Amino acid sequence: MVAISLPDGSVREFDGPVTGLRIAEDIGPGLAKAALAVTVDGTMVDLTLPIEADAEVSILTAKDEAALELLRHDAAHVMAQAVQELYPGTQVTIGPAIENGFYYDFAREEPFTPDDLGKIEARMVEIVKRDLPIVREVWGRDRAVEYFTSIGESYKAELIESIPGTEDIKIYRQGDWLDMCRGPHLPSTGKLGVHFKLMKLAGAYWRGDSRNPMLQRIYGTAWADKKQLANYLTMLEEAEKRDHRRLGQEMDLFHLQEEAQGAVFWHPKGWTVYRALQNYIRRRLDAADYVEVNTPMMVDRSLWEKSGHWEKFREHMFISEAEEKILAMKPMNCPCHIQIFRQGIKSYRDLPLRMAEFGACHRNEASGALHGLMRVRAFVQDDAHIFCTEDQIVSETQAFCALLKSVYKDLGFDEVKVKFSDRPDVRAGSDATWDKAEAALKEATDAAGLAWTLNPGEGAFYGPKLEFVLRDAIGRDWQCGTLQVDFVLPDRLGADYVGEDGDKHRPVMLHRAILGTFERFMGILIENCAGKFPLWLAPVQAVVSTITSDADNYAQEVFQALKAKGIRATLDVRNEKINYKVREHSVAKVPVILVVGKKEAEENTVAIRRLGGNVQEVLALADALDTLQLESVPPDLRG
RNA sequence: GCCGCCUUAGCUCAGGGGUAGAGCAACUGAUUCGUAAUCAGUAGGUCCGCGGUUCGAAUCCGCGAGGCGGCACCA
């Protein structure tokens, strides 16, 4: 007797082992048809797998989020079958479900072309139409290795060999095609449906290791129905429209060119936003008792040798030679900050010492890693190093987390996630020190009210770290802020202070940034607001547009008044129709258009039109000026 | 760095072994108009670079650069 408890609380009894499909049939034919898999005591399994003991079972259909993952995994298998039918001799490797879709990595001499994607997709539809039953088999390891080796699937054989000897090898067969896979899978290929699309071709290293051969990866997206697929494709189009590289050009914010690969040419408008952002951060740091410094951009190699960077990151540093000395463009500010710390004698009374710098750093990133503003070779961080005692780690971390959260909120990001990276296998410092540092970081993060997830073993070799990830308007995650506890660098570069006891001690150094780099954050900001900057950041905050030349003098007066109030305004007295002007300034995403015609000039008013709206508000000039001035105050300066 | 694709006017893109195309933008002129494109005209090109094939290359082939999509990397 097997008792099956269902999600509605009911219990059904069967006289022996029973499959999920039987249970579904028992409930109703409609459900049996829609069933894709079952969860047994919370674990997803095949619909055809016998359930031997009492269990809590729930039947999964396309409506369940978990079933979608299954569907995507099956899409990967169907794609692999299609590829092997169309291109004999191609080897399969791995093909998991991923967010929004799936991929499969193939080994094949000849590259796939974009045209091939269409052919593969058509064959996939055909395989779905064949509605091949998907049958699970359990093989012995040796048999599996032997089989895959015999048909020339050396990657699969290698995979099986790396599975622990105690585990069964599961084979899923659909028609005359089969693959080794952990499962579970759909009952038949027909259940996959045809709401998938192959998206892109890419290279990917075997087992993610750049020393291994490169395979050909095909990415696809798959959904439960037509509407979901269409929504996803629409979302991608929307994301493309707010791509910071596209908006950067359309809005005349910045450009990149090959003579300065990975370095940004900021245009007046982009630089205006950049400055507004930097000034904002500078005020926030001042308010949080940081001191700002500035240190050399090029420093002799000997300093990098002492800090350990020369040994570890030499390849990624830009080098210059002068008078038989080798200088390196600084890839980071911290060694220089320690030089300032070391000047004179520091007392415990000087700690915590929070030293900030907006210093230009250069790193020779791999050419393939460069990506618009998001990954560049020349950048400025909102960087600071907090020199403190071990006892001050908690309070400093807590204060930092609070500052970070507040900054993100001001900039329009409310969702912040934290990744906590603890001790790696290879590390410096004693276990006792690590215990202390990790506990302090955790305590402080909790106290700051931030939810964190563990990133085991991913800490820096010199200490544990926090990574702050924020989510943008269209649901993408960006890692921006960081806080790293460092016991090593102060030691290597000889930083010390005199303690209460009169002895010399090593300070702990907290490396921290909120935005990360200004370049990258500008990119994130542009994409998050789709180019429609909040008023305090907008490069042009208001444009005064005339209807006829009769209002030119008055428009000039309005324009000067705006400037006098510190508002970034432009004047548009061109002989164009107001429709034309409104459209042009709207496309340029200017937040406020002040329209003035004969009537406004006579009455000393302005008609305000805001970006995205189509209503006009007529205000007395003095009121309009006050309103706009108030609205353009940066968030940290608001009463 | 690795794999694939792409590179034509300021921008978006079409074309394609025989004198280089469109829309928008720019410029000139006309138009003075009430909230998302007024009309007409003019000008604009090393078809990414270098080499090869050819009577002839922007087009075909090779090499290189940059960009794009991934992978690897990210102190």
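Please read all numbers here as calculations on a predicted model, not as lab measurements. Numbers restart at 1 for each chain; the letters A, B, ... are given by sequence-line order, proteins then strands.
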Within the supplied structure, the quantity of interest is the number of heavy atoms (other residues, nucleotides, ligands) at a distance under 6.0 Å from A:Glu315 CD; does it exceed 12?
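12 or below, so no.
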hbond_proxy [X] side chain to [N] base (donor-acceptor, 3.5 Å cutoff):
X	N	result
A:Arg245	B:rC68	no
A:Asn575	B:rC33	yes
A:Gln261	B:rG67	no
A:Arg314	B:rA75	no
A:Tyr205	B:rG1	yes

Below 30° counts as parallel, above 60° as perpendicular, anything between as tilted: where do the rings of A:Phe318 and A:His362 land?
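Perpendicular: the ring planes of A:Phe318 and A:His362 meet at over 60°.
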In terms of ring plane angle, is the pair A:Tyr462 and A:His511 parallel, tilted or perpendicular, where the classes change at 30° and 60°?
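A:Tyr462 and A:His511: parallel rings.
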Taking only residues at least two apart or on different chains, which pairs with a member in residues 602-620 of chain A satisfy salt bridge (charged side-chain N to carboxylate O under 4.0 Å, His left out)?
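Qualifying pairs, neighbours excluded: A:Arg610-A:Glu631.
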Hey, does the Lys NZ or Arg CZ of A:Arg427 hover above the aromatic six-ring of A:Phe461, less than 6.0 Å from the centre and inside 45° of the axis?
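Relative to the ring axis of A:Phe461, which defines the angle, A:Arg427 lies outside at least one limit.
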A:Arg314 to A:Trp310 six-membered ring, cation-pi geometry met (6.0 Å, 45°):
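Flagged: A:Arg314 positioned over aromatic ring of A:Trp310.
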Please compare A:Asp550 and A:Cys334 by the position of their nearest nucleotide in RNA chain B and report the one closer to 5'.
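Nearest nucleotide further toward 5': that of A:Asp550.
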Output yes if the stacking criterion (under 5.5 Å between centres, under 30° between planes) is met for A:Tyr580 over the base of B:rA37, else no.
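A:Tyr580 ring does not meet the centre or angle cut-off for B:rA37; no stack.
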Just need the stems in RNA chain B: three or more back-to-back Watson-Crick or G-U pairs, each with both distances under 3.5 angstrom, sorted by first number.
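Expected stems, ordered by start: B:1-7 with B:65-71, B:10-13 with B:21-24, B:26-30 with B:38-42, B:48-52 with B:60-64.
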